[in-house]
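A short write-up of the structure that comes next.
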Amino acid sequence: MNFEVKKQILDKIEQYDRIFLFRHVRNDGDCVGATKGMKSIITATWPQKEVYIIDTSLAAYLEFMGPEDEEVADELYADALGIVLDTASEARISNKKYTLCKELIKIDHHIPLETYGDIVWVEEERSSCCEMVVDFYRTFADKLVLNQEGATHLYTGMVTDSGRFKYEGVTGETMRCAGTLLDVGVDTDLLFARLYLEAFEYLKFKAHLYQKMQITENGVAYIIVDKEMQEQFNLTLEQASACVGTLDSIRGCIAWMIFVENGDEQDSFRVRLRSRFMHVNPIAEKYRGGGHACACGATVYGRAEIAALLADTDALVKEYKETNEGWL
Ligand code: AMP
């Protein structure tokens, strides 16, 4: 699929001696895995090329994926190729110096609300952007080199963005891509331990969430992780935001979300929305956000807007339940 655009991307990578890789703000396993995996493929294939990932530090749970490159002089961007991975809109590109690159490529699997870049390869049905990078490798396997380090980065992104190969977007092609990585060699025991073991204290916080979680009339489960709760359990914003999965297995709650209080003057809350069977992205898009059909993010201001977003989602769930069968 999309052979032509992949060939154009390969040609551009071959053409440039210096390449910068970019990803989205609030990094996650997929955007980090995709940038690091792509870097690994390029440097293993063409050792003489300069490839940089210059970005903010990694989320704490991803620190094992290694350090980023040191900042370089702005002039170096001018004759370089930029590749932005896993990022739907320009506003969400983390390192704003992407504008300095001579040419820009977008590789992404989010719903495209806008576009950017000279070459655009978007497949929104893909379970992760890492899957696209593996597909790129598989398409040109006679030319490209993938080593264990690259395979591990890409597998990390595939595992995290697909909920350990559980979500809707997982296909036979996903598994074939994952199989390619396992054939190269990934220490899955170590990787799963690094990703999913939790601190004793964090489980205490989860127990608290189970006490506090609420459900709207038609079955939207939610929790407001306010500043008080964050302080009580000594949580960073990142740790407070990581608990959305706590609500993912309640029978009848086909949509769920958390509201994490940022503690700023605007009284803003980060919203992380999730669903099964039905799609919640229209809600995220209404409240300044976006993402995927069943996993998206938004920002709301004040308690009144939390109530409005919940009411909108509740109405969507009601309509879905009334017009569809087979949901659980
Ligand atoms: P999160 O809950 O932050 O993990 O977001 C789920 C998915 O939605 C990820 O793929 C994010 O990149 C995307 N996303 C989150 N927030 C936004 C936003 N404000 N605008 C567009 N996409 C978003």
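Indexing begins at 1, ligand by ligand and atom by atom, following the structure's order. Reckoned from all heavy atoms, side chains included, excluding hydrogens, waters and symmetry mates.
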Consider every N or O of Ala298 and every N or O of ligand 1, then say whether any pair is closer than 3.5 Å. no
Mark up the atoms of ligand 1 that fall under 4.0 Å of a heavy atom belonging to Arg288, in ascending order. 19 (N)
Suppose the criterion is ring-ring contact (aromatic ring centres under 6.0 Å, His included): which pairs have a residue in residues 22-70, not counting sequence neighbours? Phe20-Tyr52
Among non-hydrogen protein atoms, atom 20 (N) of ligand 1 lies closest to Gly290 N, 3.3 Å
Without swapping roles, check the side chain of Thr174 against the backbone of Thr171 for a donor-acceptor pair under 3.5 Å. yes
NZ/NE/NH1/NH2 to OD/OE distance under 4.0 Å, Lys7 and Asp11: yes
Using modelled atom types and a 3.5 Å cut-off, is there a donor and acceptor pairing between side-chain atoms of Arg26 and backbone atoms of Glu238? no
I'd like to check Asp86 versus Arg23 (side-chain heavy atoms, cut-off strictly below 4.5 Å). Are they in contact? no
Which of these, Gly291, Cys296, Ser89, has its nearest heavy atom closest to atom 5 (O) of ligand 1? Cys296
More than 12 heavy atoms of other residues, nucleotides or ligands under 6.0 Å from CD of Gln266: is that the case? yes
Does Asp189 have more than 12 heavy atoms from other residues, nucleotides or ligands lying within 6.0 Å of its CG? no
Considering Arg26, Arg270, Arg92, which one's heavy-atom position lies nearest to atom 3 (O) of ligand 1? Arg270
Look at ligand 1 and say whether Ala88 reaches it with a heavy atom at a distance under 4.0 Å. no
To which protein heavy atom is atom 4 (O) of ligand 1 closest, and what is the distance rounded to 0.1 Å? Arg272 NH2, 2.8 Å
Starting from atom 10 (O) of ligand 1, which protein heavy atom do you reach first, and at what distance in Å? His110 NE2, 2.7 Å
Should Asp28 be counted as touching ligand 1, given the test is an N or O pair under 3.5 Å? no
Interfacing atoms of ligand 1 (cut-off 4.0 Å, heavy-atom, Gly289): 18 (C), 19 (N), 20 (N), 21 (C)
Heavy atom under 4.0 Å from ligand 1: found in Arg274's side chain, backbone, both, or neither? side chain
Just jot down the ligand 1 atoms closer than 4.0 angstrom to any heavy atom of His292, in number order. 10 (O)
Give me the residue, atom name and distance of the protein heavy atom closest to atom 7 (C) of ligand 1. Ala295 O, 3.4 Å
Report the relative orientation of the aromatic rings in Tyr196 and Phe192; use parallel for angles under 30°, tilted for 30 to 60°, perpendicular for over 60°. tilted
Roughly how far apart are Leu191 CG and Thr156 OG1, rounded to 0.5 Å? 4.0 Å
